[in-house]
Amino acid sequence: GLLEAATIAQSEQAPVLLVAYDQPAPFPLSAARPLYAPFATALLLGPKSWPISLAKLQLSLTSQGSEDCLDDPELERLRQGNPAARSLPLLQAMAAGRARQISLPYVSDQQLLIQYAPCL
């Protein structure tokens, strides 16, 4: 979703709101697609920086390395147990306000590399 939203923002030269939300389903669906807990996140992505921008993201794909995990066991359990919560390493970087590289799972053996830099 992040890669698609960023691509649309860049190609259309317009802001894109990315909203990701996963809620545990009722039985019997929950048996086929278990989720640890509900989780939601939203990012407003644009093709350029605005005065109110919080960060700059540069995205690329790689098959090197592995996805980022979280040190907090409960947050890591949430990250692993809900697809929308895979954004937690990026949200953690945003909360810390420090530039860093983040690796999120993509497909098969690929990761989405995010070069995160807060706007000053």
Side-chain angles (χ1 to χ4, degrees):
L2 177 58
L3 184 58
E4 181 180 4
T7 300
I8 293 169
Q10 195 63 37
S11 65
E12 299 292 327
Q13 289 294 296
V16 174
L17 178 63
L18 170 63
V19 178
Y21 176 77
D22 286 306
Q23 169 73 28
F27 185 80
L29 295 175
S30 61
R33 185 63 168 123
L35 293 176
Y36 173 66
F39 188 86
T41 188
L43 296 171
L44 181 60
L45 305 171
K48 59 182 180 176
S49 293
W50 296 304
I52 60 169
S53 293
L54 298 177
K56 292 181 182 184
L57 305 178
Q58 183 178 350
L59 309 178
S60 62
L61 295 175
T62 184
S63 57
Q64 306 296 314
S66 60
E67 64 186 272
D68 283 8
C69 297
L70 300 169
D71 292 333
D72 182 292
E74 190 61 24
L75 287 177
E76 179 59 17
R77 185 172 174 199
L78 177 60
R79 186 192 74 81
Q80 289 182 5
N82 187 310
R86 296 296 174 124
S87 63
L88 280 170
L90 174 59
L91 298 175
Q92 185 179 53
M94 293 173 76
R98 291 188 303 262
R100 66 175 276 212
Q101 179 175 287
I102 301 149
S103 181
L104 301 181
Y106 186 55
V107 294
S108 300
D109 63 343
Q110 290 188 319
Q111 291 81 39
L112 177 63
L113 280 182
I114 304 168
Q115 296 295 331
Y116 170 82
C119 291
L120 303 175

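Both Met94 and Leu75 are assigned to one and the same hydrophobic cluster, defined by single-linkage of ILVMFWY side chains at heavy-atom distances under 4.5 Å. If you chain together hydrophobic residues whose side chains sit under 4.5 Å apart, Tyr116 and Leu59 fall into the same group. Ile114 and Val19 fall into different hydrophobic clusters, where Ile, Leu, Val, Met, Phe, Trp and Tyr residues are linked whenever their side-chain heavy atoms come under 4.5 Å apart, directly or through other members. Linking Ile, Leu, Val, Met, Phe, Trp and Tyr residues whenever their side-chain heavy atoms come within less than 4.5 Å leaves Leu43 and Ile8 in two separate clusters. At a threshold of 4.5 Å between side-chain heavy atoms, the hydrophobic network of Ile, Leu, Val, Met, Phe, Trp and Tyr places Leu88 and Leu57 in one connected group.
Side chain of Glu76 to main chain of Cys69: no donor-acceptor pair is present (N/O by atom type, distance under 3.5 Å, no hydrogens or angles). In this structure, Ser103 contributes its side chain and Ser66 its backbone to a donor-acceptor pair below 3.5 Å. Under the 3.5 Å distance criterion, the side-chain polar atoms of Thr62 are matched with a main-chain donor or acceptor of Gln64. Asp22 contributes a side-chain N or O that, together with a main-chain N or O of Ala84, makes up a donor-acceptor pair within less than 3.5 Å.
Note that OG of Ser60 is 10.5 Å distant from CD of Gln111, once rounded to the nearest 0.5 Å. Taken to the nearest 0.5 Å, the CZ atom of Arg86 stands 14.0 Å off from the CG atom of Leu91. The distance from the CD1 atom of Ile102 to the CG atom of Leu90 is 4.5 Å, given to the nearest 0.5 Å. From Leu70, atom CG reaches atom CZ of Arg77 across 14.5 Å, with rounding to the nearest 0.5 Å.
The nearest pair of heavy atoms linking Pro118 to Ala99 is CD-N, 3.6 Å. The two atoms that bring Ala37 and Asn82 nearest to each other are O-ND2, 2.5 Å, heavy atoms only. Looking at every heavy atom in both residues, Pro47 comes nearest to Gln10 through O-OE1, 3.6 Å. Closest of all the heavy-atom pairs between Leu78 and Pro38 is CD1-O, 4.4 Å.
Proximity of Leu113 to Leu61: side-chain heavy atoms (C-beta onward) are nowhere separated by under 4.5 Å. Between Leu3 and Tyr106, some side-chain heavy-atom pair lies under the 4.5 Å cut-off. Using a 4.5 Å heavy-atom cutoff, the side chains of Ser49 and Ser53 are in contact. Side chains of Phe39 and Ser87 form a contact here, defined as non-hydrogen atoms less than 4.5 Å apart. A 4.5 Å side-chain heavy-atom check between Leu45 and Leu2 finds at least one atom pair inside the cut-off.
For the pair Arg100 and Asp68, the salt-bridge criterion is met [side-chain N within less than 4.0 Å of a carboxylate O].
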Working note: Arg79 + Glu67, criterion salt bridge (Lys or Arg N to Asp or Glu O under 4.0 Å); need CA distance, chi angles, decisive distance, verdict. CA-CA 11 Å; Arg79 186 192 74 81; Glu67 64 186 272; 2.4 Å; yes
Would Trp50 and Cys119 satisfy side chain to side chain contact (heavy atoms under 4.5 Å, CB included), going step by step from the backbone distance to the final call? CA-CA 10 Å; Trp50 296 304; Cys119 291; over 6 Å; no
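Taking a 6.0 Å sphere around CD of Gln58, one finds it holds 12 or fewer heavy atoms contributed by other residues, nucleotides or ligands. Taking a 6.0 Å sphere around CG of Leu17, one finds it holds more than 12 heavy atoms contributed by other residues, nucleotides or ligands.
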